[in-house]
Engineer: 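Got a structure here, written out as structure tokens. Questions coming.
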Protein chains: 2
Amino acid sequence: MKSDNKLSSILHVILHLAEHQQAITSETLALYLKTNPVVIRRMMAGLRQAGLVISVKGHGGGWTMAKPLTAISLHDVYQALGAPRLFAQGYRQDAPQCLIEQAVNASLDSAFAEAERLLLQKFIGLSLADIAADFKLRRQQHQATTTQE
Amino acid sequence: MKSDNKLSSILHVILHLAEHQQAITSETLALYLKTNPVVIRRMMAGLRQAGLVISVKGHGGGWTMAKPLTAISLHDVYQALGAPRLFAQGYRQDAPQCLIEQAVNASLDSAFAEAERLLLQKFIGLSLADIAADFKLRRQQHQATTTQE
DNA sequence: GACTCATGTAATAAATTAAGTTACATGAAA
DNA sequence: TTTCATGTAACTTAATTTATTACATGAGTC
């Protein structure tokens, strides 16, 4: 399966957005991801509807954050994206009457459901500010290593 | 994303195999999954290499279990399949130098890695005999409900 | 008001991957 | 030697993500 990178992508975009004060255009954001502006708009559409970001058309327009990073969890972003599929493994259902198939899928489903609960709890507990803090730490360390020479 | 159903499929096949005493051909197994015999052989190849099943060519040949279900965990099957990807979400890496991208991916990776550990622990703790037991329970219940009339 | 900049979105193409199919080689039993 | 069955490579099909193109809409500037 070709993997879905929307979650990683949109987080990257949002954190860049939060680093700036004024609006950023889709075109500029696309440069960060090395992709097309339309891809940015498409992903941001859900976040706008969820009230996480604001878009403005015309001159001087672009994207800005609607809330501080501390008020946005990874879970908020995930939901705003439309809660994309988390797991790559699916259940085969070509013989729904087959009790073996039912038992197999029930077992798998129980395992995956618990992993999903854990994952979503992690998402809820992680704010974008936490990720931004990690970024700032990395930036400090980076500056420290590149300055000393 | 098109989901990978190999784990679900192969478990279905194995449990049918375990229900029988004599060898079953790929063609017959394919009927259970409503698929092609080659698909069965392809998936079973890994299980054979892992020593979970035995294949015999020629007349009266086919597939048989190499071990009792109690001796096979879901994790064994998962590994024998080649440990296929569990998660559908990937990390975008178009700007490896970008510290924001690094921080985002590190955060996601930490969450997904923990979910993966949990999932694999579940896999280790679940034997195929457990799933077979669930199947037998379902069969009993099924017979009970279809007999009473 | 005309022009430019920017988003909004539909439609399409390209790339990737899982599953299905065909073809043929190999080996074992009748 | 014929038949049955696996082993495997090659190719096709279908689903899905991402990228691209095209054009409509709206907001600010001249």
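Below, chains carry the letters A, B, ... as their sequence lines are ordered, and counting in each starts from 1. All of these numbers come straight from a predicted model, not from anything done at the bench.
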Engineer: Considering just the side-chain nitrogens and oxygens of A:K6, establish if one lies under 4.0 Å of OP1 or OP2 belonging to D:dT18.
Structural biologist: yes

Engineer: In whole Å, I'd like the distance from the CG atom of B:N5 to the C1' atom of D:dA14.
Structural biologist: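 Spelled out: CG on B:N5 to C1' on D:dA14 is 13 Å.
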
Engineer: Donor-acceptor pair, A:T145 side chain versus A:Q141 backbone, under 3.5 Å?
Structural biologist: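 Such a contact is found between A:T145 side chain and A:Q141 backbone.
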
Engineer: Once you round it to whole Å, what is the distance between C1' of D:dA5 and CD1 of B:I40?
Structural biologist: 14 Å

Engineer: Would you give a per-nucleotide map of nucleotides 4-12 of chain C, 5' to 3', where B means the base has a protein non-hydrogen atom under 4.0 Å away, S means only the sugar-phosphate does, and - means neither?
Structural biologist: BBSBBBBB-

Engineer: For a quick test of your reading: what N or O donor-acceptor pairs under 3.5 Å do the side chains of residues 102-112 of chain A make, sequence neighbours left out?
Structural biologist:
unit_1	atom_1	unit_2	atom_2	d
A:Q102	NE2	A:P96	O	2.8
A:N105	OD1	B:S8	OG	2.8
A:N105	ND2	A:R92	O	2.9
A:S107	OG	A:A103	O	3.2
A:D109	OD1	A:Y91	OH	2.7

Engineer: Output the rest of the hydrophobic cluster of A:L118: all Ile, Leu, Val, Met, Phe, Trp and Tyr residues reachable through side-chain heavy-atom contacts under 4.5 Å, sorted by chain and number.
Structural biologist: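 Hydrophobic cluster check, A:L118: joined to B:L118.
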
Engineer: Linking Ile, Leu, Val, Met, Phe, Trp and Tyr by side-chain heavy atoms under 4.5 Å, what else ends up with B:V56?
Structural biologist: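 Grouped by the 4.5 Å side-chain rule, B:I54 form the rest of the cluster around B:V56.
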
Engineer: Rounding to a whole Å, what distance do you find between A:D4:CG and C:dT16:P?
Structural biologist: 16 Å

Engineer: Rounding to a whole Å, what distance do you find between B:R85:CZ and C:dA19:P?
Structural biologist: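 These atoms are roughly 14 Å apart.
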
Engineer: Any donor-acceptor pair under 3.5 Å between the side chain of A:K2 and the base of D:dT17?
Structural biologist: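 Yes.
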
Engineer: Quick check on C:dG20: is either OP1 or OP2 less than 4.0 Å from any side-chain nitrogen or oxygen of A:R92?
Structural biologist: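 Answer yes for this pair, as a side-chain N or O of A:R92 is under 4.0 Å from OP1 or OP2.
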
Engineer: Checking one residue: A:L31. Which other hydrophobic residues are in its cluster under the side-chain 4.5 Å linking rule?
Structural biologist: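 None; A:L31 is a cluster of one.
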
Engineer: Find the distance A:M43:CE to D:dT18:P and express it as a whole number of Å.
Structural biologist: 8 Å

Engineer: For the pair made of CG in B:L81 and P in C:dA18, what is the distance, rounded to whole Å?
Structural biologist: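 Spelled out: CG on B:L81 to P on C:dA18 is 12 Å.
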
Engineer: Just distance, no hydrogens or angles: give the donor-acceptor pairs under 3.5 Å from side chains in residues 60-68 of chain A, sequence neighbours left out.
Structural biologist:
unit_1	atom_1	unit_2	atom_2	d
A:W63	NE1	A:S26	OG	2.9

Engineer: Starting at atom CG of B:N36, determine the distance to atom C1' of D:dT13, rounded to an integer number of angstrom.
Structural biologist: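 Interatomic distance, CG of B:N36 to C1' of D:dT13: 13 Å.
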
Engineer: Got a sec: does the NE2 of A:H20 have more than 12 other heavy atoms crowding it under 6.0 Å?
Structural biologist: yes

Engineer: Could you check how far CG of B:L33 sits from P of C:dT21, rounded to whole Å?
Structural biologist: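 Distance, rounded to whole Å: 13 Å.
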
